[in-house]
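What follows is a set of notes on a single structure, which appears directly below.
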Amino acid sequence: MLKNKPKKAKYLVGVDLGGTTIITVVTDIHGKVIASVKCLSEVKEGVKAVINRIVDTIYATVAKAKLQIDEVLTIGIGAPGPLSTKTGIIIDAPNLDGWVNVPLRDLVKKAFNQKIPVFLENDANAAAYGEFWIGTGKNVSTLIILTLGTGIGGGIIIDKKLYRGPDDTAGELGHISVFPNGPVCNCGNNGCLEAIASATGMVNRAVDALRLGRRSLIRDLAEHDLNRVTAKMIYQAVLKGDKLAKDIMQETGRYIGIAAASLVNIFNPEMIVFSGGMINAGDYLLDPIRDEVKKRAFPQPAKRVKILPAKLGENAGAIGAAGIAYCELKQD
Ligand SMILES: [Zn+2]
């Protein structure tokens, strides 16, 4: 496929399609971002409108990079799943307002007259690949990435390759059970890491404690309306030395650490990288994770593994999608 492209095609496009925003980047083949554009996805307008928006944004980003569209070697799209990387179809995406069986890859390919190869990847895997390619995980071969936000996503890179599993469902690290009778998770299981230690899970635990009458600055930050408590408020209260906020943050880190210790024993990774909004809490969150890993995992892999924050921020998914598409193209 490479030889069919015009010689001057040497840039990559990466798209991160989310339920709220679409982030598009143009990079060189080493992952250096030349231009990026962010817009709202407006998924409620339907599949056709969103595909048009993706295509328009790709043109806009290429123009911003002062390039022509025929200089684009390949397009990678990271999207919420479940999806199939083999067929390029989004099977059923609750985060995209219920898209069912949408052949996203082929629709985008058609919009560029079949001239540019397009690859579809799971969004969490794309973000993981971005961190591995040019972020915190650069120069390591085996790493695990956990994205801590409203939910908890994951990605597994083994010997420099993304591990997808036969059904593209590997890496659902937010759904490791850590508490047998814990709260019900979005997936239907009880006590998944996501249900307890995501931003949502952390807020729920804080609100439960406040309802029981615990005194805390969090209550003031939420102006005494417990429906308004956010993960950010918990972090702000931690910085001011609030006891409950510190307990909640520490407990969150402990649960994540329980899962991380198992991952260390299973994969012997060189690194576990944490991304997402919650890492703004820095070592307040990462230190209890490190302690738990030290306490629970086998000594040798526990000593090797580095537990670090991600570097790329919100562009990780788009950059990773570009990198995966380039990788797939080279394998064709
Ligand atoms: Zn779950």
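What you are looking at is a predicted structure, and each value in this text was computed from that prediction instead of being measured.
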Going through the checks in order, is the side chain to side chain contact (heavy atoms under 4.5 Å, CB included) test met by V264 and F298? CA-CA 8 Å; V264 166; F298 283 20; over 6 Å; no
Are the side chains of [X] and [Y] in touch, meaning some heavy atoms are under 4.5 Å apart?
X	Y	answer
V26	K64	no
I89	N101	yes
E131	K311	yes
V207	V203	yes
I258	I176	no
L263	L146	yes
I54	L104	yes
I218	D242	yes

Looking at every non-hydrogen atom in both residues, tell me the closest pair between [X] and [Y] and how far apart they are.
X	Y	result
L73	I116	O-CG2, 4.1 Å
A111	V55	CB-CG2, 3.5 Å
C192	G174	CB-O, 3.6 Å
P309	I279	CB-CD1, 4.0 Å
M249	A281	CE-CB, 3.7 Å
A321	G14	CB-CA, 4.4 Å

Quick one: does any side-chain atom of [X] pair with a main-chain N or O of [Y] as donor and acceptor, under 3.5 Å?
X	Y	result
N113	K115	no
R105	K86	yes
N190	G182	yes
T74	P117	yes
E194	I152	yes
D283	D287	no
S41	G18	yes
R215	K243	no
N265	S262	no

Approximate separation, where rounding is to 0.5 Å, of [X] [atom1] and [Y] [atom2]:
X	Y	atom1	atom2	value
I145	F132	CD1	CZ	9.5 Å
S84	D167	OG	CG	9.0 Å
I69	I75	CD1	CD1	6.0 Å
T136	L308	OG1	CG	6.5 Å
I319	W133	CD1	CH2	8.0 Å
E223	L221	CD	CG	9.0 Å

Whether [Y] and [X] form a salt bridge (side-chain N of Lys/Arg under 4.0 Å from carboxylate O of Asp/Glu) is what I want to check.
X	Y	value
D106	K110	no
E328	R164	yes
E251	R205	yes

Establish whether [X] and [Y] are linked, either directly or via other cluster members, by ILVMFWY side-chain heavy-atom contacts under 4.5 Å.
X	Y	value
Y163	L120	no
M233	I248	no
F267	L162	no
M202	L226	yes
V273	V293	no

Could you check I23 against K38 for side chain to side chain contact (heavy atoms under 4.5 Å, CB included), going step by step and ending with a plain yes or no? CA-CA 4 Å; I23 296 176; K38 184 177 174 180; 3.9 Å; yes
Qualifying residue for salt bridge (Lys or Arg N to Asp or Glu O under 4.0 Å) with E292, from R296, K294, R290: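 It is R296, the one option of R296, K294, R290 that forms the salt bridge (Lys or Arg N to Asp or Glu O under 4.0 Å) with E292.
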State which residues pass side-chain contact (heavy atoms from CB on, under 4.5 Å) with A322; sequence neighbours excluded, sorted by chain then number. L12, T27
Apply side chain to side chain contact (heavy atoms under 4.5 Å, CB included) to the pair V50 and L17, showing each step before the final yes or no. CA-CA 9 Å; V50 175; L17 168 63; 3.9 Å; yes
Stepwise side chain to side chain contact (heavy atoms under 4.5 Å, CB included) test for L210 and L244: CA-CA 9 Å; L210 291 168; L244 175 67; 3.7 Å; yes
Counting only heavy atoms from other residues, nucleotides and ligands, does the tally under 6.0 Å from [atom1] of [X] exceed 12?
X	atom1	result
K306	NZ	no
Q300	CD	no
Q68	CD	no

Under a 3.5 Å cutoff, is there a donor and acceptor pairing between the side chains of T147 and S275?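 Yes, side-chain donor-acceptor contact under 3.5 Å.
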Does the pair N268 and T142 meet the rule for a side chain to side chain donor-acceptor pair (under 3.5 Å), with working shown? CA-CA 8 Å; N268 185 197; T142 299; over 6 Å; no
